[in-house]
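So that the names make sense, note that chain A is the first sequence line, chain B the second, and so on, each numbered from 1. Computed from heavy atoms alone, side chains included, the values below leave out hydrogens, waters and symmetry copies. None of these values were measured; they are calculated from a predicted model.
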Amino acid sequence: MSLGAWAQGVTTASLSGMVTESKGETKVGPDAASTATGGPMPGANIVATHLPSGTTYGTISLADGRYFIPGMRIGGPYTIKVSFVGYKEQVQENITLELGQTLVLDFKLVDDATQLQEVTVSAVKDPVLNSDKMGASTNFNVNQIQRLPSIGRDFRDFTSLTPQAGGSAFSFGGRSNLYNNLTIDGATVNNVFGLNPLPAGQSNATPFSLDAIQEVSVSLSPYDVRQGNFTGAGISAVTRSGNNDLQGSAYYFFRNESFAGSKINGQPSPIPSFNYSNFGFRLGGPIIKNKLFFFVNAEFEKRTDPFYTNTVRPNKSTPIGSLYTQATDDNDAETGIAGLKTFLTNLGYDPGVYRNFNRATESQRYVMRFDYNINQNNKLTLRGNITNAFQDQFPSSSGGFVGGPPGGRGNSSNVLSFSSSFYRINNNQSSITAELNTTINGGKMSNNLVIGYSSFRDYRENAGGLAIPSFPLVDILGPNGQTLTTFGPDPFTPNNKLDQTVTQINDNFNIYLKNHQVTIGTANELYSFNNVFTQIINGVYRYNSLADFYADATTATTAAARPSQYTTQYVAVQGGPAATAAKWSAATLGGFVQDEYTGIKNLKIIGGIRMDVPIYLTDLPKNNYLNAIDLNGEKLRVGAWPTIRPLFSPRIGFNWDVKGDRSLQVRGGTGILTGRVPFVWLSNAVSNNGLFFGQFNSTNVPFDLTGDKLPYNFSTTPYALPSDAPASAYADLGKGMPPMITNTLDRNYGRPSIVPAVNTIAKDFKFPQVWRSSLAVDKQLPYGIVGTLEFIYTKDINAVFLRDANLAPSTATLNGDGRPLYGAIPGNANLDRAILSNDRRINGDIGQALVLDNTNKGYQWSITAQLSKTFSRDFSVSAAYTYTDSREVNPQNGSTAGGIFSSQASLLGANNPGLSYANTLTPHRVIAYGTYRKEYAKNFATTVGLTYEGRSGNNFSYIYSGDPNSDGQTADLIYIPKNASEIALTTSSATDTRTIAQIWQQLDNYIKQDDYLNSHRGQYAQRSGAISPWVNRLSISLLQDFYMDVKGRRHTIQISANLINVLNLFDSGSGLVQNPIRASLLRFVGYEQPHTAGIVTAPVATSGPTSTIGLPWAATTGRPVYAFDLNGSSPLTSSYVPDTSVNGRWQLQLGVRYIF
Amino acid sequence: MKNLNCIYVVITALLFAATGCDDNQSATPVPATGPSALSANFIFANAMVTSSASLQLDLLINEVKAGNAVEIGQGQTGGYINVPITSNGTFANTTIQAIGDVSPIGGVLGSGKLYYRSANNGSNGLTATNGFYYTVIAVDSVSRPAPARKLNAGNFGDTTFFNIATGQYISTVDRKALTASQKQQLVAIGTVPLGSTDPGGIRFLVFQDNQPTFANGNTTQSAIRFVNAVPNSYALVSSGSNYPSYPAADRKLYAKLVPSAGSSVTLSSGSTYALAFSAGLNPSVGSRTATGSTFSMQTTVPGGVATTYDLVVDTNASYTNPVTLLLAQTFEANKIYTVVVSGVIGATDSRALKAGIIQHN
């Protein structure tokens, strides 16, 4: 375990130190004036040789005796030689350098005349107790990567061993995983668009092979201003290099369902069959000895799972069992669907199959690297990598602009969807990096130049890699009102692709002066995006029965023959392609200057300032119609970028060797980090501008049965504006005018087409910035144990905040609760454009007007206690405990701005979510790991690796199902009642036989057994305030080597077993992850009195033969009434249920490897 | 060393200056302070059809027993029972259930309880309004089968039928297989709705009685409402190709009160217990509900102890084959009644036509 790391943008290591003359001796050097007894020795020659590759690095000690060798290959062993005429040469062997490390090696030279004088080398090699260490960081080298357990061969298995890491979501320090930055060999390979934190993440693939990696580091609080572009953590991986020896390995790993737990809590719980395999090889060696080296790695990973694991019975007489678990179909489902397939085939469309098809997950990864020692002063590295990955996916259950079909489209007990509606997500990524390290003027200066280019190509196909037909999606409901089947391509798949390129040029120039190392540099990234997304472009039909579909598809001219719902989006740019793209470019230009000062004894200080300037390179079309609307004094900025302004990141860090002997070290610093915003949130504003498309759906437009064949009758051709449509039906991008309604599908002629939501960016929006500070104490404890206590505090300066500019302020207070209440009329621009007095919208032409804005609210802090001990090169252990707190206003981890806005739980309303716990918070976490290797009996070696993670479960929000505060978002935090008087309860359904008193008793019992709820009675629940039970996860890896040394080369056959979640193997009730059964604890049923939000409604009169009774309610706002639903047929009595997926159980992976 | 300490102090100060916490924004909880003060009023009649002559039903509103057990063919006489409810006409959460007073109801359900549902495929109860009055009548046969919705993949629709000859409900029919005479015996009683969860058995008629109080002390008149709860009295369905009307004509039930002296009073000039697709008080197929929004006290009769009436019903307007269901019934002045006719036309066993009276005030 090593902790002395830089990370981001750093690919090499450095060597530094002081050369002094031996005390008590006198020698006149070339510069007599500078060579006092025991003093610094300038002009000494230092040569470091990386033995495996013969690469040499050289420098000469400066006037103060200091020397510095930057840009060195990580790994080793190195031999360091220090010489000076007239002095004995000093040699230090077996030096290993880790990523980003600046190893301090001090030398004392003695003159030739001094006989028998013991040569002493004071090499400070401890990775923690090192003057280089200031902020929090962790490193994992190639040995740990090989020896610690990992079942997915995923580098995140190691980065998660960072004490400050979160539970499982690749988050660090309680911040969103979208705020990390990942680099390989210094080049950004982060998924900067942010649909997933990692490239290939949507395909569930890792971006690079573990066998290609020399070292991975995680940096949380760097005070080196060279590091940027993250406010979470910088994760840096460096690939392996070739050496003078030809070395390689070939490997194969596999697992399947029989290598996993089949019980949960002692009860049989079989998992569906699957097959996983991973094979590959690596090879590295010389092209020209000591000069030019190569390394290649190729890896092929494949997994096959059944799509359907819980399937519809073919007919009513089929017994329910392990194969068929569906119980609600009461008809001959399969016959009907088989008939549908015949019907569609006759129609000329092949819907695919509806049973027994598999989900493919595959990835291929290639790395090639060349290291070229041009000369002693210039080292060039070229690296290219390719990752191609895909995964088949269930069709989305979303409806797009309207609700999705009841029962969804994917894997449920009702649905038998055709394979043509499943899709494949492809994530192809490639990058190439060139790095040149140059030493100038005998080591007095150095330069590091990195040029990188990364390309990401994400696109969709139909499942199985088939072409996407131009055909609508059709949902057909079954007798029970749930989806029976779906065919046609997934509504979000046609024309769905994302091309990203990231080009980067970084240069650092270092000057080594007396007591100063000055760095001047620049860091620039150019981003280019081409995002095509045309949801619902082929139309989505919904029918209540097969017969309805048949009738519509064959006799669409009758009024009765029509779908129960039809939704479509159509291209509104005249002559525009269906695949209208959000094509845009941006860049961040950065520069920095920094000084590392060592002029005070035992203290090292680093101080610098970095400037990043995000700029936007593409002019966007404006929507002048919407931008003219006044929203309570605010004008929208559809199509406008924020003002360009520089963002400054000053930082200062220190390392204080308190006693001068590295037995006690105090380190830390403070400074600002500037990161990227996930660009998809910006891209939402590029594409959701209300210009490119028109939409309509048949559920909220009047049917005009007098017209021609109506566009909502079934047609295999996607809807397009008719050829005789007037010009106003199209968008006028030049004038910024959206398409106007001209046809009979909408009541509001001359108004813009339906705009459910537009996205905009605030004028003064700034990229995320945090002020992060840390303070740590490292101490050498007895028995060679190193203890660390580290405190990190992060304050948001510019966090991302989303608000709906079209949401009217609250109009009242919710009676019986106390929270603000919004207008009763929903913001549905489709329905009615008139604004009523109790409308929750401000303007009726649009639904939601999201603004990407900033807030300075939000903070994180953590404290870590860590103990580590290295017994030998082959035996080390480490254990840490971390307490973390993290607060934020908006959750910062959604794949779209709208998704973040709609999913955040709030009390005061969607525009005022308030500061609460981050949903990426893991408050308590214990991490321990160790490796031990023993070689024995000449030909055998056994290696054991262990990891233990104990942590708080995932946090969540107790919310209402429904929208009692009427803000349009269904994530309202609950009030936790103290007693029955504080909540108006009702039965769940017409068949609920519980009395109100019984329902309260059940709710009260639930609250009593839930620690969070019981301790917060009388309060509103906090967002992400409840925490799932503690998780224990112990994993072990066992490597058995059989080796033979033949002609000086070792050949090894290695059998490996990785056992994840050992505790679950011995007890199927242990090692489980517990998830909340029902976070939406209470279901909002309605208001006790009509919700009028302060608006007086005239009493409804009814008439009878003799008199009239006016309705008795006054113009008041009713108390909300809630149902505490049963859990199936019995009361909900506990909060959590174990995760029964394979990831929650023990799993074993076997492997075999040949190494030479 | 002094400068070291200075640096340390400055950095530490910076660290902790940064720890000033943001306040969470919140509202002060103002929770409810007590149960709902809302209530509504219910009265009940048992008009179900069963061969078990002595089955008594209890009415439960929100699990609270409302009034006394009621015999088949009878109505409650003690007036409305006031029951707490939790919503004032805003959502359908008032549960209505019937339970056998001493034994399960039996029939196709065989269960102890029957539930009112306001929609065919939902689980909603009654949308009750504070202070309102409701009449609940249990109707239909305990043996009514659960209607089944077909996939419609073949050649028949989702139509449920009632066989007027046998008095039986038929869940699904293959129309192509029917003979002409068979068709003449079948009444199409509606399409089984999407997602229907009707389990069969008896259903409920629920009337919203908007004024069960006679205007200011009428000392001479009684008000009487007539409810035809006879399931084989029917109205034809004629709309849509999926709803074929095989029998030739409606079968209506005519009812009148024949006083001991003077002219008779017509309660109904032809009432059909329409099973589907007609307005009014109909339990549509697939649900066990009907909510009448009107309390049409169509008939007022001279009331008072001095006048008694016989109830006569027939299936033709001329009363050529009258059946007398009640004899010498007294209707008090300033009182409101509902007369419910139940049973099966043509039956001579315990399912024979009978009449019950609900006294509303």
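Other residues, nucleotides and ligands place no more than 12 heavy atoms under 6.0 Å from the NZ atom of A:Lys978.
Interface check for chain B: of the options A:Val889, A:Val1085, A:Leu340, the most heavy-atom pairs under 4.5 Å are formed by A:Val1085. Ranked by non-hydrogen atom pairs under 4.5 Å with chain B, the options A:Ala984, A:Ala990, A:Ala980, A:Gly1086 are led by A:Ala990.
Not counting sequence neighbours, the partners of B:Ser36 by the side-chain hydrogen bond (donor to acceptor under 3.5 Å, both in side chains) test are A:Glu1088. Not a single ring pair (Phe, Tyr, Trp, His ring centres under 6.0 Å) links B:Phe91 to another residue, sequence neighbours left out.
Residue A:Arg887: no heavy atom, backbone or side chain, is found under 4.5 Å from chain B. Interface remark: B:Thr86 contributes backbone and side-chain atoms alike to the contact with chain A (heavy atom separation under 4.5 Å). For A:Leu973, no part sits under 4.5 Å from any heavy atom of chain B, backbone or side chain.
Among A:Asp992, A:Thr987, A:Thr986, the single residue meeting the side-chain hydrogen bond (donor to acceptor under 3.5 Å, both in side chains) criterion with B:Asn93 is A:Thr986.
Here the side chain of B:Thr90 pairs a donor or acceptor atom with the backbone of A:Tyr1087 at under 3.5 angstrom.
Closest non-hydrogen pair, B:Tyr115 versus A:Thr993, comes out as OH-CG2, 3.7 Å. Closest non-hydrogen pair, B:Pro29 versus A:Gly1018, comes out as CG-O, 3.8 Å. Heavy-atom minimum distance, A:Arg1119 versus B:Ala32: NH1-CB, 3.5 Å.
To the nearest 0.5 angstrom, A:Thr991 atom OG1 is 10.5 Å from B:Asn124 atom CG.
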